[in-house]
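All remarks here apply to the structure that follows.
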Amino acid sequence: MWLRMPRRALMLQPRTHWLVLGLAVLCSLVVFLYLLECAPQTDGNASLPGVIGENYGKEYYQALLQEQEEHYQSRAASLKRQIAQLKQELQEMSEKMRSLQERRSVGANGVSYQGHREQAPGDLLEFLHSQIDKAEVSVGARLPSEYGVVPFESFTLMKVYQLEMGLTRHPEEKPVRKDKRDELVEVIEAGLEVINNPDEDDQQDGDDGPLDEKVTFNENEFIEGYYRTERDKGTQYELFFKKADLMEYRHVTLFRPFGPLMKVKSEMIDITRSVINIIVPLAERTETFAQFMQNFRDVCIHQDKRIHLTVVYFGKEGLSEVKSILESITSESNFHNYTLVSLNEEFNRGRGLNVGARAWDKGEVLMFFCDVDIYFSAEFLNSCRLNAEPGKKVFYPVVFSLYNPAIVYASQDGPPPVEQQLVHKKDSGFWRDFGFGMTCQYRSDFLAIGEFDMEVKGWGGEDVHLYRKYLHSDLMVIRTPVPGLFHLWHEKHCADQLAPEQYRMCIQSKAMNEASHAHLGMLVFREEIETHLHKQAYRTDSDAAG
């Protein structure tokens with residue numbers, strides 16, 4: 001059968017040829033008749049307008065062309081409207097189909113996290129309302145204990161009253177950060193919009209004057225507000241307004257729901273070949289340096305093995321001990337990746353870090369500015385590599401600063417080994433959120449930003465100046481507490497030659513480093529405690545004798 005079909009097709013080919021030819025002739029005749037039918041009827045004796053008889057002039061043709069153009073424009077606009085309507089209907093149908101598919105793929109209590117940027121408006125509005133329903137806005141939530149409460153912070157037009165979140169946070173302050181100021185201004189303006197342009201279902205009892213005049217509020221009539229954030233739902237705002245000549249308050253509740261998660265970036269980071277140049281400025285303190293090198297040997301030489309150490313030593317006293325410690329580490333661990341720079345001048349931390357950064361002559365490198373009283377882990381070194389990127393990011397970790405072990409462990413026979421003191425508890429230390437000395441940044445960024453300012457003398461100021469330089473640049477500053485970075489306690493000395501402001505900062509830091517409020521309170525009220533214990537012992541002896 002399959003072999004006979006081509007022969008049959010050859011036999012039918014002449015007939016098909018004549019049939020196609022006849023159809024073509026027929027179509028030509030139909031087109032010719034259509035053209036004759038549609039051609040405009042003219043009088044054979046009449047002359048063409050504007051040519052011979054000049055019955056019509058130039059204005060006639062312009063009017064005729066304008067009429068035709070308006071006709072085609074109207075027709076084109078109509079077609080565009082129809083196309084837009086069809087596109088809208090098609091988009092609505094596709095969004096409904098996508099919504100149905102998403103609802104089928106999500107469980108009864110699940111939330112669909114979108115990896116794309118667009119979402120159907122109806123679905124988004126439904127999601128935002130669901131966030132409000134889930135938040136503790138209208139109905140209280142049952143909590144297991146007092147620690148489950150999400151507290152509010154209050155604010156007025158001028159100040160924010162916030163719970164302490166660190167030693168640099170004041171209980172009362174003006175909003176310094178621009179995003180916080182903008183947020184609260186936006187919230188107050190939104191509250192005024194709700195009051196001054198109410199919906200039909202808003203309660204209006206008592207709002208109007210004696211002649212049913214509309215009462216309009218302004219920002220000066222904002223009395224106070226409260227806000228709190230539930231991290232997985234959104235931020236709740238409670239606003240109160242009052243006019244001076246009225247007794248009633250206006251209360252507005254607003255909620256800023258968090259939207260669905262959206263992917264911003266996904267990347268692979270290879271840190272296997274990333275070398276960190278740890279730069280330590282030093283003057284005397286050889287015993288502390290020996291302790292630092294013990295931690296350095298355990299973490300950097302035995303575990304990480306991708307480290308270069310640069311020590312910038314000021315002065316002559318103690319220099320031989322430092323050399324001896326480095327040579328001992330070299331002989332024990334066969335470690336040669338270090339540089340010792342000697343400066344016969346007065347100690348200046350910024351100067352030492354500048355010299356240490358320039359002492360590296362092998363091109364680009366990630367630098368960790370470190371003090372001799374810092375303890376770090378191998379995990380921190382990886383965090384340093386992950387959170388710094390040349391030309392894009394610098395890493396400013398918040399250090400956990402340990403209190404005076406003599407006070408913290410006063411009830412014991414003596415302080416435990418340093419490794420056992422490295423715990424994150426409120427009685428053992430605090431997050432040093434006012435310190436900016438420990439930082440990871442690439443050498444090219446450090447040189448481009450202008451290094452440390454050598455005009456800043458004394459304690460602490462040079463770190464803040466460098467930090468501000470990065471804040472004023474296009475680089476992203478990563479500021480976060482990290483668990484693997486500790487500042488070991490040591491007694492502070494505030495030099496007399498410091499400027500008054502620097503001396504005050506040094507004294508404050510010295511006081512904060514000693515102990516927690518509870519332990520300091522025990523020291524302040526030591527006599528009262530001893531008196532109480534003495535009375536208790538006397539009563540016990542009296543009861544025993546009786």
Donor-acceptor contacts under 3.5 Å from residues 471-484 side chains, at least two apart:
unit_1, atom_1, unit_2, atom_2, d
His472, ND1, Arg468, O, 3.3
Ser473, OG, Tyr470, O, 2.7
Ser473, OG, Leu475, N, 3.2
Arg479, NH1, Tyr396, O, 3.4
Arg479, NH1, Pro397, O, 3.4
Arg479, NH1, Gly435, O, 3.2
Arg479, NH2, Asp433, O, 3.1
Arg479, NH2, Gly435, O, 2.9

Using residues 412-421 as the side-chain source, report each donor-acceptor pair under 3.5 Å to any protein atom, sequence neighbours left out, with the distance given to one decimal.
unit_1, atom_1, unit_2, atom_2, d
Gln421, NE2, Pro416, O, 2.8

Give every donor-acceptor pair under 3.5 Å between a side-chain atom in residues 183-196 and any protein atom, sequence neighbours left out.
unit_1, atom_1, unit_2, atom_2, d
Glu183, OE1, Lys180, NZ, 3.2
Glu183, OE2, Tyr237, OH, 2.4
Glu186, OE1, Arg256, NH2, 3.4
Glu193, OE1, Asn197, ND2, 3.4
Glu193, OE2, Asn197, ND2, 3.2
Asn196, OD1, Phe217, N, 2.8
Asn196, ND2, Leu192, O, 3.2
Asn196, ND2, Phe217, O, 3.0

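The six-membered or imidazole ring of Phe446 lies near that of Phe369, with a centre-to-centre distance under 6.0 Å. A centroid separation of 6.0 Å or more is found between the aromatic rings of Phe240 and Tyr249.
When the ring-ring contact (aromatic ring centres under 6.0 Å, His included) test is applied to Phe368, the partners found at least two apart in sequence or on another chain are Phe376, Phe380. In this structure, Tyr161 has no ring-ring contact (aromatic ring centres under 6.0 Å, His included) partners at least two apart in sequence or on a different chain. Scanning for side-chain hydrogen bond (donor to acceptor under 3.5 Å, both in side chains) contacts around Lys425 gives an empty result, with sequence neighbours left out.
By the 4.5 Å heavy-atom criterion applied to side chains, Thr288 and Phe292 are not counted as neighbours. Side-chain contact between Asn513 and Arg432 is present, with at least one heavy-atom pair separated by less than 4.5 Å. Using a 4.5 Å heavy-atom cutoff, the side chains of Glu238 and His251 are in contact. At least one side-chain heavy atom of Gln441 sits under 4.5 Å from a side-chain heavy atom of Leu466.
Remark: Glu219 CD is loosely packed, at most 12 non-hydrogen atoms of other residues, nucleotides or ligands lying under 6.0 Å away. The environment of Glu346 atom CD is sparse: at most 12 non-hydrogen atoms of other residues, nucleotides or ligands sit within 6.0 angstrom.
Side-chain atoms of Asn277 never come within 3.5 Å of backbone atoms of Met367 as a donor-acceptor pair (strictly under, hydrogens ignored). The backbone N or O of Val464 lies less than 3.5 Å from no partner atom in the side chain of Lys469, so there is not a single donor-acceptor pair. Ser428 contributes a side-chain N or O that, together with a main-chain N or O of Val423, makes up a donor-acceptor pair within less than 3.5 Å. A donor-acceptor distance shorter than 3.5 angstrom exists from the side chain of Arg228 to the backbone of Val150, with no hydrogens or angles considered.
Residues Glu153 and Tyr227 have side chains that bring a donor and an acceptor to within less than 3.5 angstrom of each other. Under the 3.5 Å distance criterion, with hydrogens and angles disregarded, no donor-acceptor pair is assigned to the side chains of Thr156 and Glu224.
In terms of heavy-atom proximity, Ile223 sits nearest to Phe241 at CG1-C, 4.1 Å.
Classification of Asp371 and Arg349 as a salt-bridged pair holds, one side-chain N sitting under 4.0 Å from a carboxylate O.
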